Amino acid sequence: MECLGMKKYLTGAALAFTAAAGFIGCSSTSSDTAGIFIETNTGNKQTARIAVSTTSLDLSAGDTIVIHKETADTIGDTAYVSIVNLLRIADSIECVSGIMVIDSVPVGLYDSVQIHPVSGKARSASVNWSIAADTLNFDSALDASFDGVVAIALPQGFENLASADEKFEDMPIAVRIEGLNKPCLQDFDGNVILLDRSRGDSTLYWGVLPHVIFNESGEIQLDIISNCQANNNLNLVLGRHAEHFDDFETSEAAQNSGLALTSVMGGARWTDSTDSWTYIDNFAPFVDEHYMALSVWFNMDSLQIDGYVQIASAKKDSVGFTIQQRGSTNAINLRLDAEHGVYNKVYGRADGVLDNEWHNYSVKIFGDSVTTFVDGVLNTRETFDSGDGFGKAFNPGIGYKGTRGGIDELFFFDGTQSENWMRLFYALQAAARQD
C-alpha cells in the first residue's frame, strides 16, 4: 500500500485539495476504485494540558514555541495521518515564574519543539513530554508533583456566598501553605494558579482565581503542586494596584511603643506621630474618572488619635477622596469631592472601628452611587452628584502624618465588582487571617 507516502509527492491542484479538504482518496489496484482515505487533522485524537518549563527552554517574553508532530497509522483499509501544529507565545509572567501551561495538546510522546525567538534564528529544543488524557501533565524538567490540597472555608456569616447565583471572576486569594517548595495551585477546572509569596510571612501566598468554584460543602478546594514555579516573587497583578507593606520599615518610635507586634497577613505599616505619608506613585485610582473600588485594613485606637486621621486619600485641586476620622469619635467615614459635583460630603460612616483591633473598610464608587462595607458587611448604599468625576485625583497617600496605628493590605479595583464580589474578597482574606 503506497498511499501513506503519496501526500509528499502531491503537487498543484491535488495538494491544494488535500490542505483544504483534509483528506485524499487513492487506489491500491486501479484508477476505477475509490480505494482508501488518508485523513489529516481529523481531531479524533484526545487532547490534554501540559505544564512546561520555560526555564529549560530558555524562553524570553514574546518567543514562540512551535509544536509540530506528524504520525501515521492504519485501521483496516484506512490510513490515518495525524498532524499536530500548535503555536504558543510566552509572556513575561511565564518566563519569570518558569512555567507555561499549554492547552489542547494531543496525547502522546514529544521529543522536540521549535523555538522562534523575538530576534535571532529559530532553533530546535529537546523535550521529554509524555502527555496523557484527563490530567494536568508535567514537563519532566519541572520536577513538579501534586502534593496535598488547600480547602478554604468561608467564615461565619459569609456561607451564603457559596450558593449565590453569581459568577466570581478574577478573585485575589490569600492561602497558607507550609513546608513546600515554590508551590502553585490547580482549581477544579484544571487552571494553574501561580502564587506570590509574602515577603513578611513565609507561609502566606497570594494568587488570582480566574473563576471561584465551590464544592458541595461550600468550600473552595485547590490542589497544591510543589516545585511548580522557579520563582516565588512574581509581582502578580492582583487588581489595579495592591500594597501589602511586607517590606515597610516600621519607625523606631512605633517599635518601641509596641505597635508593631501584630499585623493582618505578612506585615503592616505601623506609624506614629513622627511618620509621614506613604505615596503610591504614578497611579490614578479612578477609571474613566467615575469608577473605583478600594479595600483597606487598619488597626487604630480612637484614644490615641489626635483629632484627625486620614487612612487613605487621593486629592488634587480639591478633587478626590479621603477615608478619615475627624474629631473624638470612634468612627471613620468617606469624604468625596467631585469636580463640579459634591464637595466636602461624607458617606459610609462606620462606628466602633477604632478600637485597637483589625478592621476592613471597603468602598465601591460606580458613577453616581457609592457603597461601603465594614468587615465585609454592607454598611451604606447612597447616591451623590459625581459631576465631572475624580480625574484629577492621583498618587494616593497612605497614613497621614500623625496617624497612630497599623494599615495593611490596600487594594484598588475598577469599581465594576458586585457587592457580593466585595464581600467574598473580604471573606477570603478573613479566612486566611484565621488560619
Side-chain angles (χ1 to χ4, degrees), residues 174 198-201 204 241-281 283 285 294-316 320-337 344 346-363 372-377 379 393 395-412 426 429-430 432-433:
S198 166
R199 293 172 178 81
D201 185 338
L204 180 68
H241 186 86
E243 287 282 337
H244 303 294
F245 303 104
D246 289 339
D247 294 330
F248 196 88
E249 293 185 5
T250 304
S251 68
E252 183 177 352
Q255 293 179 29
N256 293 337
S257 67
L259 286 174
L261 296 179
T262 60
S263 64
V264 178
M265 293 179 292
R269 185 196 175 202
W270 290 93
T271 65
D272 60 20
S273 59
T274 66
D275 293 299
S276 300
W277 287 96
T278 295
Y279 285 100
I280 301 173
D281 294 327
F283 178 69
L294 177 156
S295 171
V296 63
W297 290 80
F298 59 91
N299 183 332
M300 297 178 183
D301 187 342
S302 63
L303 299 178
Q304 301 291 324
I305 295 175
D306 189 20
Y308 182 53
V309 162
Q310 294 184 12
I311 296 174
S313 178
K315 295 189 70 175
K316 182 182 181 183
F321 78 93
T322 303
I323 298 174
Q324 62 182 7
Q325 183 266 10
R326 183 182 290 277
S328 58
T329 61
N330 185 0
I332 66 171
N333 58 45
L334 171 71
R335 171 177 168 170
L336 294 179
D337 301 298
N344 195 20
V346 296
Y347 305 88
R349 178 183 170 117
D351 292 301
V353 294
L354 303 177
D355 58 357
N356 203 31
E357 297 289 340
W358 283 104
H359 294 281
N360 178 270
Y361 189 76
S362 297
V363 175
T372 63
F373 307 82
V374 177
D375 293 334
V377 177
N379 181 39
N395 292 1
I398 315 302
Y400 181 70
K401 185 173 182 179
T403 300
R404 179 180 173 88
I407 300 174
D408 202 11
E409 302 305 347
L410 175 69
F411 284 81
F412 287 94
Y426 163 83
Q429 293 182 77
R433 184 184 177 198

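Everything numeric in this text was worked out from a predicted model, so none of it was measured.
- At least one donor-acceptor pair under 3.5 Å links the side chain of N379 to the backbone N or O of R349.
- Contact annotation: the side chain of I398 never approaches that of I311 to less than 4.5 Å [non-hydrogen atoms, C-beta and beyond].
- Scanning both residues, H359 and G352, for their nearest heavy atoms gives NE2-O, 4.3 Å.
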| Which is it for I407 and V296 under the side chain to side chain contact (heavy atoms under 4.5 Å, CB included) test, yes or no, and what are the steps along the way? | CA-CA 7 Å; I407 300 174; V296 63; 3.8 Å; yes
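- With hydrogens and angles left out, the side-chain atoms of Y308 and Q324 include a donor and acceptor closer than 3.5 Å.
- Side-chain polar atoms of T278 and R269 form a donor-acceptor pair below 3.5 angstrom.
- Of all heavy-atom pairs between A393 and G320, the closest is CB-CA, 3.8 Å.
- No donor-acceptor distance shorter than 3.5 angstrom exists from the side chain of Y361 to the backbone of L294, with no hydrogens or angles considered.
- Taking the ring pair (Phe, Tyr, Trp, His ring centres under 6.0 Å) definition, one finds that F412 meets it with F283, sequence neighbours left out.
- Relative ring orientation between W270 and W358 is described as perpendicular, the plane-to-plane angle rising above 60° on a 0-90° scale split at 30° and 60°.
- You'll find the side chain of Q325 stays beyond 4.5 Å of the side chain of N333, heavy atoms only.
- Interatomic distance, OG of S198 versus CD of E409, reported as 7.5 Å (0.5 Å rounding).
- Counting heavy atoms from C-beta on, the side chains of L410 and I280 come closer than 4.5 Å.
- Looking at heavy atoms from C-beta onward, I332 lies in side-chain contact with V353 at the 4.5 angstrom threshold.
- The minimum heavy-atom distance between Q429 and S295, with the atom names listed, is NE2-OG, 4.2 Å.
- Using modelled atom types and a 3.5 Å distance limit, the side chains of Q310 and W277 yield no donor-acceptor pair.
- Looking only at distances, a side-chain donor or acceptor of D375 sits under 3.5 Å from a matching main-chain atom of N360.
- Checking side-chain atoms of S313 against main-chain N and O of F321 turns up a donor-acceptor pair under 3.5 Å.
- A donor-acceptor contact closer than 3.5 angstrom links the side chains of E243 and H241.
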_For a side chain to side chain contact (heavy atoms under 4.5 Å, CB included) check, start with the C-alpha distance between R335 and N344, then their side-chain angles and the critical distance, and finish with the verdict._
CA-CA 6 Å; R335 171 177 168 170; N344 195 20; 3.2 Å; yes
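- The pair K315-D337 meets the salt-bridge criterion, since a charged nitrogen lies less than 4.0 angstrom from a carboxylate oxygen.
- Under 3.5 Å, the side chains of E357 and N299 contain no donor-acceptor pair of N or O atoms.
- The two residues L354 and T329 come nearest to each other via the heavy atoms CD1-O, 4.0 Å.
- Between the OG atom in S362 and the CD1 atom in I323 there is a gap of 8.5 Å [rounded to 0.5 Å].
- In this structure, the ring of F411 has its center no less than 6.0 angstrom from the ring center of W297.
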